[in-house]
Amino acid sequence: MNKQPSRHAGVLFDIDGTLIDSNYLHALAWWRALKDSGHRVPMYRIHRLIGMGSDKLLQELLGEYSEDVSEIYSEYFRPLREEVVRFEGVHDLLREVHSRGVMVVLATSAKKEDLDVFMKVLDADDAIDHVTSSADVDESKPSPDVFETALKATGLPKDNVVAVGDTVWDVKAAGELGIECICVETGGIARQELEEAGAVAVFRDVRELLDNLEAGPMGKLFGGARVR
């Protein structure tokens with residue numbers, strides 16, 4: 001999938017909760033895995049950590065990483081993946097950004113087996129220039145590794161890039177590199193919290209982001225004609 005980079009501006013898109021409706025399914029799978037392992041953790045605590053990699057999520061909840069709990073989570077999430085859908089407007093947004101000569105990069109903490117399913121759900125390979133996932137990095141969000149690796153792979157300069165995510169972890173990861181982060185509320189995190197974390201703009205969903213493409217923070221990237 002990863003194409004030869006040829007563009008000089010880019011958007012780093014998170015996937016879970018940003019482009020696809022999956023955050024609450026992740027939370028449910030983690031809740032079940034933790035419960036099976038003898039840990040009664042309220043689901044609201046789990047939900048607030050979705051967007052982190054499993055290693056950091058479990059460290060926050062249990063004080064240590066547990067491979068056993070992570071494997072049980074994967075078993076619970078596997079059938080739930082079939083219920084994941086993309087948000088309305090995702091196709092239009094990705095293709096519009098791509099058509100304007102801006103590189104579309106997916107930067108996600110998702111595991112490869114999940115990413116393969118998510119890519120089918122997105123069904124937008126023709127508009128995606130590069131994908132960086134947890135398999136390509138040493139540390140997951142809120143570490144900036146996934147964004148930094150994506151920049152190195154594409155050759156994009158960080159001063160000509162914006163990130164789009166749905167959690168404070170996306171904002172923190174981008175901020176570590178000095179990259180502006182736009183957020184959507186579809187991951188279930190409140191606008192005020194995202195703004196307080198440093199998001200430069202917050203939209204209800206990707207459709208609203210698309211409707212405000214020129215006026216929003218992403219507008220500065222569109223310097224050339226559309227590429228069809």
Side-chain angles (χ1 to χ4, degrees), residues 1-2 12-87 90 105-125 128 130-150 152-153 163 165-174 176 186-189:
M1 133 97 49
N2 293 340
L12 308 179
F13 286 98
D14 171 62
I15 299 179
D16 280 299
T18 302
L19 302 180
I20 61 172
D21 196 359
S22 58
N23 281 14
Y24 293 96
L25 297 176
H26 282 297
L28 176 59
W30 278 118
W31 182 83
R32 288 173 172 170
L34 288 161
K35 177 171 169 287
D36 283 3
S37 304
H39 304 286
R40 299 305 296 257
V41 181
M43 197 175 294
Y44 82 88
R45 287 193 60 208
I46 300 169
H47 170 255
R48 293 184 60 78
L49 299 178
I50 299 301
M52 285 184 167
S54 59
D55 54 338
K56 294 186 177 178
L57 180 147
L58 288 174
Q59 182 68 38
E60 286 287 328
L61 292 176
L62 305 180
E64 62 180 0
Y65 175 67
S66 169
E67 184 68 31
D68 290 341
V69 175
S70 183
E71 288 180 359
I72 296 171
Y73 152 78
S74 294
E75 291 174 7
Y76 274 121
F77 186 65
R78 198 167 290 120
L80 292 175
R81 293 184 312 208
E82 305 308 314
E83 300 183 52
V84 172
V85 297
R86 63 178 178 268
F87 288 115
V90 166
V105 180
L106 305 187
T108 174
S109 295
K111 298 176 181 178
K112 185 182 185 306
E113 65 171 305
D114 296 334
L115 180 60
D116 291 342
V117 175
F118 296 163
M119 293 302 294
K120 292 178 181 177
V121 172
L122 289 174
D123 189 27
D125 286 2
I128 297 169
H130 183 84
V131 181
T132 295
S133 72
S134 61
D136 304 310
V137 301
D138 294 325
E139 288 199 54
S140 59
K141 296 173 185 173
S143 164
D145 280 17
V146 69
F147 289 147
E148 189 171 27
T149 298
K152 289 178 180 177
D166 66 296
T167 70
V168 296
W169 318 120
D170 296 312
V171 180
K172 290 179 184 295
E176 287 287 324
T186 44
I189 304 301

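All heavy atoms count here, side chains included; hydrogens, waters and symmetry mates do not.
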Next item on the list: Could you list the residues that satisfy salt bridge (charged side-chain N to carboxylate O under 4.0 Å, His left out) with Asp114, not counting sequence neighbours?
Entry: Arg81
Next item on the list: Considering only NZ, NE, NH1 and NH2 on the basic side and carboxylate oxygens on the acidic side, decide whether Arg45 and Glu60 come within less than 4.0 Å.
Entry: no
Note to self: Measuring only between side-chain heavy atoms, which start at C-beta, is Leu49 closer than 4.5 Å to Trp169?
What the structure shows: yes
Note to self: So, taking the atom named CE in Met52 and the one named OG1 in Thr167, what distance separates them when rounded to the nearest 0.5 Å?
What the structure shows: 8.5 Å
Next item on the list: Walk me through it: do His39 and Leu61 pass the test side chain to side chain contact (heavy atoms under 4.5 Å, CB included)?
Entry: CA-CA 9 Å; His39 304 286; Leu61 292 176; over 6 Å; no
Checklist line | Shortest non-hydrogen contact from Val69 toward Ser37 | finding: CG2-OG, 3.5 Å
Item checked: Worked check of side chain to side chain contact (heavy atoms under 4.5 Å, CB included) between Leu12 and Thr132 -> CA-CA 10 Å; Leu12 308 179; Thr132 295; over 6 Å; no
Note to self: Looking at every heavy atom in both Tyr65 and Asp55, which two are closest together, and how far apart are they?
What the structure shows: CD1-CA, 3.4 Å
Notebook entry, point to check: If we only count heavy atoms from C-beta on, is the Ser140 to Ser109 side-chain gap below 4.5 Å?
Noted result: yes
Item checked: Contact summary for Asp166 and Asp14, nearest pair of heavy atoms -> OD1-OD2, 2.8 Å
Next item on the list: Could you grab the distance from atom OG of Ser66 to atom OH of Tyr73, nearest 0.5 Å is fine?
Entry: 14.5 Å
Check: What are the two closest non-hydrogen atoms of Ala173 and Pro144, and how far apart are they?
Finding: O-CB, 3.3 Å
Check: Is the shortest distance from a Lys or Arg side-chain nitrogen in Asp116 or Lys120 to a carboxylate oxygen in the other one below 4.0 Å?
Finding: no
Next item on the list: For side chain to side chain contact (heavy atoms under 4.5 Å, CB included), just list the numbers for Met119 and Leu106, CA-CA rounded to whole Å, side-chain angles, deciding distance to a tenth of an Å, and then say yes or no.
Entry: CA-CA 10 Å; Met119 293 302 294; Leu106 305 187; 3.6 Å; yes
Checklist line | From His26 atom NE2 to Asp16 atom CG, the distance as rounded to the nearest 0.5 Å | finding: 3.5 Å
Checklist line | Pairs involving residues 64-76, ordered by first then second residue, that meet salt bridge (charged side-chain N to carboxylate O under 4.0 Å, His left out) (sequence neighbours left out) | finding: none
Check: Counting distance only, does the side-chain N/O of Thr108 pair as donor-acceptor with the main-chain N or O of Ser133 below 3.5 Å?
Finding: no
Next item on the list: Fit a plane to each ring of Tyr24 and His47, take the angle between them on a 0 to 90° scale, and name the class: parallel (under 30°), tilted (30 to 60°) or perpendicular (over 60°).
Entry: parallel
Check: When rounded to the nearest 0.5 angstrom, what distance separates OG1 in Thr149 from CZ in Phe147?
Finding: 11.0 Å
Margin query: Restricting to non-hydrogen atoms, name the atom on Ser134 and the atom on Ala110 that form the minimum distance, rounded to 0.1 Å.
Written below: OG-O, 2.8 Å
Margin query: Quick check on Lys111: does its NZ atom have over 12 non-hydrogen neighbours (other residues, nucleotides or ligands) under 6.0 Å away?
Written below: yes
Checklist line | Close side-chain approach of Leu34 to Ile72, heavy-atom, < 4.5 Å | finding: no
Check: Would you call Leu28 and Tyr76 a side-chain contact if the rule is heavy atoms closer than 4.5 Å?
Finding: no
Next item on the list: Calculate, to the nearest 0.5 Å, the distance between atoms CH2 and CD1 belonging to Trp30 and Ile46 respectively.
Entry: 9.0 Å
Next item on the list: Measure the CD1-CD1 distance between Ile20 and Ile15 for me, rounded to the nearest 0.5 Å.
Entry: 6.5 Å
Notebook entry, point to check: If we only count heavy atoms from C-beta on, is the Val84 to Val117 side-chain gap below 4.5 Å?
Noted result: no
Next item on the list: May I ask you to test the Glu176-Lys172 pair for a side-chain heavy-atom distance under 4.5 Å?
Entry: no
